[in-house]
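As structure tokens, the structure follows; a few thoughts come after it.
Lettering follows sequence order; numbering is per chain, from 1.
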Amino acid sequence: MIPAKFEYVRAASAGEAVSALAQAGEDAKILAGGQSLMPLLRLRLAYPDALIDVGRIEALREIRDEGGALLIGAMATHHQVVRDPLVRAHAPLIAAATATVADPAIRHRGTFGGALAHADPAGDLPAVALALDAVLLARSPRGEREIPAADFFVDWMTSALDPDELLTGVRVPKLGPGWGVHYEKFHRTAQAWAIVGVACAVRRERGAVEDARVALTNMGPVPVRATAVERFIEGRTVSSSSLRAAGERAAEGTSPPTDLHGSAEYRAHLATVLTARALTAAAAV
Amino acid sequence: MPPIRVEIDGTAYEDDVEPRLLLVHYLRDRLGKVGTPIGCDTSNCGACTVLLDGLSAKSCAVLAVQADGRDVTTIEGLGVPGTGREHPMQRAFHEEHALQCGYCTPGMIMAAIDLLRENADPSADEIRQGLEGNLCRCTGYQNIVRAVRRASADMRQGAAQAQDAVQGRERGAAS
């Protein structure tokens, strides 16, 4: 199908994009890689008055070492993120999860920031950002602000970004030595969204779990931290039975959807199985 | 309407396009390059895959204005089958019978070429992974995997021969 008419603005810089967004009003959308937006436009599930294309702003693609954290430009493509030596060294969970996003052609164009701003609870990267306590950087005519991932995902496909705010980058605290990570996802085909996904990072010390971060994809209208799992496993000796017992707490406090791919009960069960698998892989048992 | 300038299969085109025009519609309806088909129209099937600045892209998920200043290669830019001037991937698809109805073939070939750019000698498993964004409802993929293996061997051999020829010339020049 053919998208509805819209005005097209190509921004040469983040500043230009912010002014264009402010001028265009509430019914404007940012066009990043377009890999989620374009199907919505074609199916006319979205019909913005204006698209502000930020695809030519090279400065927003940069991935930078800030000492204790990485700053990943919002327009870094999935293809770029998966191969980036800084991401692989300091945020391997992002590299692992991004490698499972859609398919190679979509990863060439889709962007890290776009996937987060889209705020699809079935998308892989929101749960990863949440698990890693990432901080999202937003810019508007009022200035810049930092939004912790825990506050960024507000509701189904709804982020904390104001209509005139542009996501410019994401600050991801580095994982130090001793961390193991894994992203486990269950989906039907490459392009299908995760029925359930589990993003997991575990730090081991002398055979016990010192620190655990677990977040779930598609177990509610927003990505959720599996806090019951984290609390249970922290301080315990790593064994297949302790990790399995931790996994069994994965669905606590979640409100998974029922849709044609599975019922809420099925998802709740799947979350426990996949969490145990993710913990086992991350703790390298 | 915004003006665009885009290089497609070695030819430069300048046009004014409506912002909502998809790249695949620009290729087919404006330029008559119907070698790139539209399959699902929801970016699932990969039939409309082209190379955009050398990387595979689904041309139904790209606006023509986004291709402004870029380089596009479609199946029509690869070579003409049956003339001896076909791309090794086209020849391998033909020889291994990697198609039945042929609808997915242009996208499948473009995605396969993209895969070999990243991995010159992929295993059968890596080929299945690399082509996961392209659907074929006829072949069961068996012969597609065989064709990509064959093209990969042919292209590596072709590259080795080209290198030998260059080294031979260099030796000739040095003596």
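Residues A:Met38 and B:Val62 fail the side-chain proximity criterion, which asks for heavy atoms closer than 4.5 Å. Side-chain atoms of A:Tyr8 and B:Val17, non-hydrogen and from C-beta on, never get closer than 4.5 Å to each other. A:His108 is not listed as a side-chain neighbour of B:Leu52, based on a closest heavy-atom distance of 4.5 Å or more.
For A:Lys185, the NZ atom counts as densely surrounded, since its 6.0 Å shell holds more than 12 non-hydrogen atoms of other residues, nucleotides or ligands. For B:Gln167, the CD atom counts as densely surrounded, since its 6.0 Å shell holds more than 12 non-hydrogen atoms of other residues, nucleotides or ligands. More than 12 heavy-atom neighbours from other residues, nucleotides or ligands sit within 6.0 angstrom of CZ on B:Arg156. Within a 6.0 Å radius of NE2 in A:His261, more than 12 heavy atoms belonging to other residues, nucleotides or ligands are found.
Heavy-atom pairs under 4.5 Å with chain A peak, among B:Ile38, B:Asp68, B:Leu21, at B:Asp68. Heavy-atom pairs under 4.5 Å with chain B peak, among A:Asp103, A:Asp53, A:Ile2, at A:Asp103. Contacts with chain A were tallied for B:Val65, B:Leu22, B:Thr49; B:Val65 has the most, counting heavy-atom pairs under 4.5 Å.
Salt-bridge check for A:Glu7 with B:Arg20: failed, with every basic side-chain N at 4.0 Å or more from each acidic carboxylate O. Look at A:Arg107 and B:Glu132 and you find a salt bridge, because one of the NZ, NE, NH1 or NH2 atoms lies within 4.0 Å of a carboxylate O, short of that distance.
Taking all atoms of both residues into account, the shortest heavy-atom contact from A:Arg109 to B:Ala57 is CD-CB, 3.8 Å. Between B:Ser43 and A:Pro39, the closest heavy-atom pair is OG-CG, 3.5 Å. Here the shortest heavy-atom pairing between A:Arg42 and B:Thr42 reads NH2-CA, 3.0 Å.
If you measure heavy-atom distances from A:Ala4 to chain B, the contacts under 4.5 Å come from the backbone alone. Using a 4.5 Å cut-off between heavy atoms, B:Asp114 contacts chain A through its side chain alone, with no backbone atom that close. Only the side chain of A:Ile106 comes within less than 4.5 Å of a heavy atom in chain B; its backbone stays farther off. With a 4.5 angstrom heavy-atom cutoff, B:Leu55 touches chain A via backbone and side-chain atoms both. Using a 4.5 Å cut-off between heavy atoms, A:Leu41 makes no contact with chain B at all. The part of B:Arg70 that comes within reach of chain A is its side chain, from C-beta onward, which places non-hydrogen atoms under 4.5 angstrom from that chain.
Side-chain atoms of A:Arg10 do not come within 3.5 Å of backbone N or O of B:Gln66 as any donor-acceptor pair.
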